[in-house]
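Below is one structure, written out as structure tokens; the observations come after it.
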Amino acid sequence: MSAEPTVFVVDDDQPVRKSLDMLIRSVGLPVETFGSAQEFLDRYTPDRPGCLVLDVRMPRMSGLELQEHFNAQGVHIPIIFVSGHGDVPIAVRAIKNGAVQFLEKPFSKQLLLEFIHEALNRDQRVRQSEAAQTEVQARIAQLTDRERQVMERVVAGKVSKEVAAELGISKKTVDVHRARVMNKLQVESVAELVELVLRARPMQAAETI
Amino acid sequence: MKVSEDSENLAVVEDGLEQEQSVRNEREALARLRAVVETAVDGIITIDDRGIIETINPAGLRMFDYPAEELIGRNVRILMPEPFRSEHSDYLANYIRTGERKIIGIGREVQGLRRDGTIFPMELAVSATQLGDRRIFTGIVRDLTVRRQAEHALRVSEERFSTFMRHLPGAAWIKDMAGRYVYANPEAERIYGAKFEALRGKTDPEIFPAETARQFRENDERVLAEGGSTHAIEELRQPDDTVHRSMVRKFTVPGHGNEPAFIGGVAFDITEWLAAEDALRASEERFRRLADSAPVMIWMAGIDKKCSWFNRSWLQFTGRTLSQEAGDGWTECVHGDDLERCVVIYSNAFDRREPFEMEFRLRRGDGEYRWILDSGVPLISDDGTFTGYIGSCIDNTDRKRGEEMLRGRVRERAEELAITNERLREEIEQRRRAEALVANENRILELVASGGALEIVLETLCRSIEQLMPGSLCMIRLDRYGANGDQGQTESEPSDGVDLFGSHGMIGQPPPLSSRRMIVELIPRDRAGAVLRRKGFSSFWLEPIVAPTGSLLGVLAVYGDSEGAPGGAELASGAAAARLAALAIERIRSEERARNQLAQLAHVSRLATMGEMASGLAHELNQPLCAIVNFTEACAELVNSNQADPGELQKALADVAKQAARAGDVIRRLREFVRRREPERQVVDLNSIVREVMALTNNDARRHEIHVRLKLGERSLAVRADPIQIQQVLVNLVRNAMDAMRETPARKRVLTIRTLRQKEEVEVHVSDTGPGVPETLREKLFEPFFSTKHDGMGMGLSISRSIMEAHHGRIWATPNGAHGTTFRFTLPTIRSKKT
């Protein structure tokens, strides 16, 4: 899982594919190329870090279709679109869908590499936060239902007495559960607990609270 | 029997000897007996009962040709040939056993065998004698050879006589002195009407009527009286009452002595000869009478060439007598100038026994010489003998004069006929040419209709004129401005700038452009005319080639070697050819104009198409450019970072070159496609046109996310076509197909292009998977300004159809299964008659 980040290239034009492969390799980045969206789908697994250089127009499945497919699947690989046709509507749609950048062929090396680095950074960040979340979630998963009920109310800023009243249990029992939560989640303070839980489910947390 | 008796006697004598009575007598008797035996003519042999020979007399030895020592003591069988030899022993044994006599005491004819192996007939008699206890047999043999030979000779002689008599063509008979028939041959039997058996022993009065018998008897007696032989004609009445006359020879036949004992007669029936002779005499008489009364003159000549007879007409004509004319007398009246010739003709024909005919002048009785036509034929009898000549003559004078006159008239008439015939011949020739021209005309019209090039059509025309007028040279000169309207001819043209057609190319000066028929009888003796003169042409004539509108298109020039003016037929053919040429020129030029218009329209349409395709084509350029940039940047990076591997750099540079070429190709294709150019037909491979079109439209397909399937037929599908126009049609169809699939989900967008050969056509299918076209609109698609697209001009398919029609091809639309449309077009293959 800690594989080297790779630049994936999908373009149906073989010479373009080959030239991109050489260019990207020349700056020392690992690169893998694919002749069609389907070929990429068949061989790519989302746990691999990296970014995607994707041609917009391809027969069978276009670049945009592939992007939408990934979005639907919750696959967050950063995408740099390249196109021979500089049509604006497509660029807008691609960016809206979360593309890193949109490049018109032929493009300069600097711009491409800049975008690739940006994309790889973004991927790395996303992957790191995702990794943290996963860890917190794993810890939370160790809690009993009662402990999770207690934890959510503590994170929501409620004091033990209030929690006891809400759950219909004694304050003392609440305190025992709170101590166990702190212990299981390896936090020292309530402030620390709050930060951890929010980080684990940023949006969800915001919506829920 | 006699011999046998002798044997008996011999035995008695020997008995006597044994009893030894009167020895002297006995000896005497013995000596006598020996003498008898020794001198006997017959052979005498004694044998014992085993057949061993004990004695044989000299006659016997001679007969069998043995010396005595070779026979005595041997078995008698050696004197007998088979089968007598084997039978002999049996006879003896049998006789001894049974006493049955087979030969003993019986004379028998058997065969003897001589020492040299020859066999002869002999008579054999055997007697048996008991001598004490011994029994001996005595055989007496007589050689029958001579007797047999005499008998045979007699038989042969009789047979000969009888054969002779049988074949004698006359009757022969023999009577005895009493007049009784003792012989008659078959012919006599026939004449007498009775078989010899019925005649034998009878006399003439008993056979024939009294008068006849008396006549016969008289002749018989005359022979007897005169001795020797005599002959006479005797008549004999036949049962059918006809009297036959015979030439008879009678003679005496001697008996045993010299006295005549018989009368012989031989008679030949000469009745028919006599009749024929009479008939001939009568016929000759009749002929002469006829010939004398004939109006023509008749003569006859014997085998000696001498004339023997002239008929009355001849004698009356010459006024001479038969004796004067006979022999060579007739020649005295022949005209002196004709005589020698006549004699030669007559004599030569005579020697060869051939018929002849001659004309000569013969002096008539009044002294006038008249022309005589004399024809003579040899007289050959039925048996092939030449007997002379007979000839007939007519007075030919009047006819000869008539003939002279007639000959004159015939000559006049013949001349008239010759003139008429010549006219007729010319007419036929003219018609033949007209027909030939019509045949050529059809060929030329076909050529024009099938889109043949103008120069080929005009050359064919020239050649057909040259065929019609052997030895001529035909040339067509076109007024290059004539076709385009009224600019007229203003500039003076150099001779090599003139449009000339014909199989001979440029010869001397081009014919002048003239709007009137022109006949130049003599080619000028200047430098320009020299080439033509050298080629053997001395004259030419021109026929203007005029368009229906009246404008001059050119001239048709015919060069010939005749000194005179061309004939009516030639001029007519020339005029017809010029009309044909005008037709062909007009037709081909109008087709050219149509083609050029179509080409212009097609060009405009291509420009429009290209405009619509611009963005796709930009991408088509961007792809290789992008690759080039990437490769070069990569190389630069590697070099800068000192990681450059020369091999890798080399490969990358090769790729760069390839991509640059690819970009160049795109540009070339674009330029080709939009170039404004003359339409040109060439042999092209339809599959390669399809591939070009796919390269042009590749980006559109990508942009529209369309899957393209190529199903190309045979390796090469050769057609004669303008490749750019066919590309244009295909580009239209491909782009239409792509447009049709706009609303189709991307995964279902399939464009299929198929090429296939169908007999004499090549077919191209362009299929889409769009919504399809309703049947009612399918034909409308090809109408100008009709479009199903909101932004369509409605010209693409209309122009495509014009292009296909100009290529003798077709274009139409059919549904593509349940979804979509298939556009199809066909082109004739290069081998098809259409091209």
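In this text the structure is predicted, and so the values were computed from the model without any measurement.
Q623(B) is not listed as a side-chain neighbour of P15(A), based on a closest heavy-atom distance of 4.5 Å or more. Side-chain contact between K18(A) and D655(B) is present, with at least one heavy-atom pair separated by less than 4.5 Å. The shortest side-chain heavy-atom distance between K109(A) and E637(B) falls under the 4.5 Å cut-off.
For the set Q643(B), R747(B), H707(B), the entry with the most heavy-atom pairs within less than 4.5 Å of chain A is H707(B). Heavy-atom pairs under 4.5 Å with chain B were tallied for V82(A), D11(A), L20(A), D12(A); the largest tally goes to D12(A).
Comment: D700(B) does not engage R57(A) in a salt bridge, judged by the lack of any side-chain N to carboxylate O separation of less than 4.0 angstrom. The pair E648(B)-R25(A) meets the salt-bridge criterion, since a charged nitrogen lies less than 4.0 angstrom from a carboxylate oxygen.
Looking at D21(A), there are no atoms closer than 4.5 Å to chain B (heavy atoms on both sides), in backbone or side chain. Using a 4.5 Å cut-off between heavy atoms, I706(B) touches chain A through its backbone atoms (N, CA, C, O) alone. Looking at Q659(B), the atoms closer than 4.5 Å to chain A (heavy atoms on both sides) all sit in the side chain, from C-beta outward. There is no contact between R749(B) and chain A, counting heavy-atom distances below 4.5 Å.
Atom CZ of residue F107(A) and atom CG of residue L625(B) lie 11.5 Å apart, to the nearest 0.5 angstrom. Between atom CG of residue L23(A) and atom CD of residue E633(B) there is a gap of 6.5 Å, rounded to the nearest 0.5 Å.
Around CD of Q110(A), the count of heavy atoms belonging to other residues, nucleotides or ligands within 6.0 Å exceeds 12. The environment of CG in D42(A) is crowded: more than 12 heavy-atom neighbours from other residues, nucleotides or ligands sit within 6.0 Å.
Among all heavy-atom pairs drawn from S19(A) and C626(B), the shortest one is OG-O, 4.4 Å.
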